[in-house]
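Down below is the structure, laid out as structure tokens.
Residue numbers start from 1 in every chain, and the chains themselves are labelled A, B, ... in the order their sequence lines are given, proteins ahead of strands.
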Amino acid sequence: MKDERSGQNRNCRVRFAPSPTGPLHIGGVRTALYNYLFARQQQGTFILRIEDTDQVRYVPGAEQYIINSLQWFGLVPDEGPGFGGAYGPYRQSERKEIYDQYAMKLVHEGKAYYAFDTPDELEKYRESDPTFKYDASNRMKLRNSLNFTEAQTKQLLESSTEYVIRLKIDPKNSVTFQDRIRGEVTFSTDELDDKVILKGDGMPTYHLANIIDDHLMEISHVIRGEEWLSSTAHHVIMYDYFGWNPPEFAHLPLILKPSGKGKLSKRDGAKFGFPVFPLSWESGDPEDRFTGFKEDGYLPEAVLNFLVLLGWSPHSEKEMFTLDELIQVFDIENIVKSGARFDIDKALWFNQHYIIQSSNEDLAKKLIITCEKLGIQTNESYLLGVAALMKERVHKIDEMITSAMYFFLPPTSYDEGMIKKKYKSELGQHLEEIGKVVGSSESSSLEHNVKSYISEQSLKMGDIMPLLRIAISGTMQGPDLFETMSLVGLEESRRRISSSVEAYNKLIQ
RNA sequence: GGCCCGUUCGUCCAGCGGUUAGGACGCCAGAUUUUCAUUCUGGAAACAGGGGUUCGAUUCCCCUACGGGCUGCCA
């Protein structure tokens, strides 16, 4: 069914629903990406919903961080806080009254009940019995409205005793639902506990808020991480209690640590030496600061391309995709079932590829920021030249600068091993002469002039070029030497050659 | 412990009853290059184990093992 006015498919509405408890994890980005691709492909709607029902774990700034991250990747929501939409508010903390109402409805219908057990009491039960579950087998022994008379309950409620509302799960049934990725999944209700749906502070838990919002926002497909698979049975029961049709479910495989032991977590970045967040995260607590992919020199399209292939396959040999191409070929059916380890080497390879594909202009703009950060004085047109020479020999943006400081300063050290191998004092004079040739050449004639000198003097390219290269850059690694000298400046190159002769002579003594 | 989900090269993915089990990253070797990188060529490298079903199982079923997730008044 198409809405003629918006051109959107009203049957397809998906949401990305992160909780603002800190920076958005890279796994969350992938979930957002899959939701976005599916929505775009179906000409549906991509919704951002902020699940901020936990007041204790709420982190100021996290919501903005999430939005900034999505924008960096170009995954812009159609509806959400700050994005408009007819189904708001899109922050759960602003929907408290709605949840209240529905929770009460369940209580009145006997599908939920008040429970007065304190967190301390419950903790003690779990301590003495780790398998303790608040369910049909136990609830008649606990402090809740199922055991109390109406008057008792009323009195407790009125004396403002803290309480929660729990979902009443009937035992000896089974719940089955279809998962688009995993097929049919079944749970016995004997395994399910009476989940808290409304907390002591009056806020709903995820379980309640999520199904009410998904229903009210007319979400058609719930695409989320596998960590939610276990609680989906509870959700299906609630849909049933309310008399609503559940959306379709698709539970994504998790992104695992490189070691494969557990899902990738925020501390793994520091542990394994790569970012796990899109953007850097600042915080007063030094333990809670993280560098992002962006600041570490990654391109958003590279990260996205890497990410989309972690758990999904296009079923073709093609592996480089633009967002638009992904929208065309994405298919939930091709999402993989098993967890995928995070492999930073593959990400670096994608990044290298996208850097090479980038225009020098785009790269130069990014390099200006890098240079400012490093305190290097330069300008965009010079960086254009650096980008042209360096882009196919780096994996990250910043490396075009950090591994090529000789574009900005004379070398501070020389590759000694190579000098000892190649340099003989009688070559010093030749180097000085070549320096003069360099200094008196034009960029266009430079290569010709230097090569002419080398052949006229019956020298060998393989003997002279390394010494020249080290004179200019200090290292044996780098772009075409003549182009490098042209960019650095021919007069500057002459100076560097000159001072290298002195240094070389000292080194071989 | 219980429940749920999973298991093809080191890693990410193809394969959907009969294939020399394919590609990519990484690794190794070679070609090109003044070096590095890019590019190109080649190479090593996998169906967790055991039972079935079948003429025939990597493919279907069961068990075991291993891995992951959940088991909170967190999402």
Between B/A24, B/U11, B/C13, which nucleotide has the shortest distance from any of its atoms to the side chain of A/Trp349?
-> B/A24
Is B/G72 paired to anything, Watson-Crick or G-U wobble with both distances less than 3.5 Å, and if yes, which nucleotide?
-> none
Separation of B/C12 atom P from A/Leu348 atom CG, nearest Å, is 17 Å
At under 4.0 Å between heavy atoms, what does A/Leu310 touch on the DNA or RNA strands: base, sugar-phosphate, or nothing?
-> sugar-phosphate
If we take the C1' atom in both B/C9 and B/A44, what is their distance in whole Å?
-> 10 Å
Rounded to whole Å, the CE-P distance (A/Met400 to B/U38) equals 15 Å
Salt bridge A/Glu123-A/Arg126, side-chain N to carboxylate O under 4.0 Å | no
Distance between C1' atoms of B/U33 and B/A48 (Å, rounded) | 46 Å
Rounded to whole angstroms, how far apart are CE on A/Met320 and C1' on B/A24?
-> 9 Å
Partner nucleotide of B/U54 by Watson-Crick or wobble geometry (both distances under 3.5 Å) | none
Each nucleotide of nucleotides 69-75 of chain B classed B (base within 4.0 Å of a protein heavy atom), S (only sugar-phosphate) or -, in 5' to 3' order, makes BS-SBBB
How close or far is atom P of B/C5 from atom CD of A/Gln178, stated in whole angstroms?
-> 12 Å
Rounded to the nearest 0.5 angstrom, the NZ-OG distance for A/Lys133 and A/Ser137 is 7.0 Å
Which residue lies toward the 5' end of RNA chain B, A/Glu392 or A/Arg30, if each is placed at its nearest nucleotide?
-> A/Arg30
Please confirm whether A/Arg49 makes a cation-pi placement over A/Phe16, using NZ or CZ under 6.0 Å from the six-membered ring centre and within 45° of the ring normal.
-> no
Looking at A/Lys141 and A/Asn147, what are the two nearest heavy atoms and their distance?
-> N-ND2, 4.1 Å
Separation of the P atoms in B/G68 and B/U11, to the nearest angstrom | 14 Å
Backbone N or O of A/Val14 within a donor-acceptor pair of the A/Asn35 side chain at under 3.5 Å?
-> no
B/G42 to B/C5 separation - P atoms, rounded to the nearest Å | 44 Å
Gap separating the OG atom of A/Ser231 from the NZ atom of A/Lys195, nearest 0.5 angstrom = 7.0 Å
Would you mind classifying the nucleic acid contact of A/Val394 as base, sugar-phosphate or nothing, using non-hydrogen atoms under 4.0 angstrom?
-> nothing
If we call it a pair only when both distances are under 3.5 Å in a Watson-Crick or G-U wobble match, what pairs with B/C27?
-> B/G43
Taken to the nearest whole Å, CG/A/Asn334 to P/B/A14 is 7 Å
Could you work out the separation of B/G10 and B/C27 based on their C1' atoms and round it to a whole Å?
-> 9 Å
Could you check which nucleotide pairs with B/A65 in any of the strands shown, counting Watson-Crick or G-U wobble with both distances under 3.5 Å?
-> B/U7
Residue A/Glu191, side-chain heavy atoms: nucleotide from B/A14, B/C12, B/C3 that is nearest | B/C3
Starting at atom CZ of A/Phe342, determine the distance to atom C1' of B/U11, rounded to an integer number of angstrom.
-> 12 Å
Could you give the CE-to-P distance, from A/Met476 to B/U33, as a whole number of Å?
-> 15 Å
Whichever of A/Ser338 and A/Asp343 has its nearest RNA chain B nucleotide further upstream toward 5' | A/Ser338
Sugar-phosphate, base or nothing in reach of A/Gly225, heavy atoms under 4.0 Å | nothing
Interatomic distance at P, B/U19 relative to B/C25, whole Å | 28 Å
Describe the nucleic acid contact of A/Pro479 in one word from base, sugar-phosphate, nothing, applying a heavy-atom distance below 4.0 Å.
-> base
Classify the nucleic acid contact of A/Asp480 as base, sugar-phosphate or nothing, counting any heavy atom under 4.0 Å across all strands shown.
-> base
Between A/Arg57 and A/Asp54, is there a salt bridge with N-O shorter than 4.0 Å?
-> yes
Return the orientation label for the A/Phe249 and A/His251 ring planes: parallel under 30°, perpendicular over 60°, tilted otherwise.
-> parallel
How are the rings of A/Phe277 and A/Phe290 set relative to one another: parallel (under 30°), tilted (30 to 60°) or perpendicular (over 60°)?
-> tilted
B/A29 to B/C66 separation - C1' atoms, rounded to the nearest Å = 36 Å
Nearest-Å distance for atom pair NZ/C1', residues A/Lys257 and B/G67 | 14 Å
NA contact type, A/Arg182, heavy-atom cut-off 4.0 Å: base, sugar-phosphate, or nothing?
-> sugar-phosphate
Please answer whether the main-chain N or O of A/Leu156 pairs with a side-chain N or O of A/Thr161 as donor and acceptor at a distance below 3.5 Å.
-> yes
Under 3.5 Å on both distances, the Watson-Crick or G-U partner of B/A21 | none
Compare side-chain N and O positions of A/Gln352 against OP1 and OP2 of B/U38 and report whether any pair is under 4.0 Å apart.
-> yes
Considering only atom C1', compute the distance from B/G69 to B/U54 and round it to an integer number of Å.
-> 36 Å
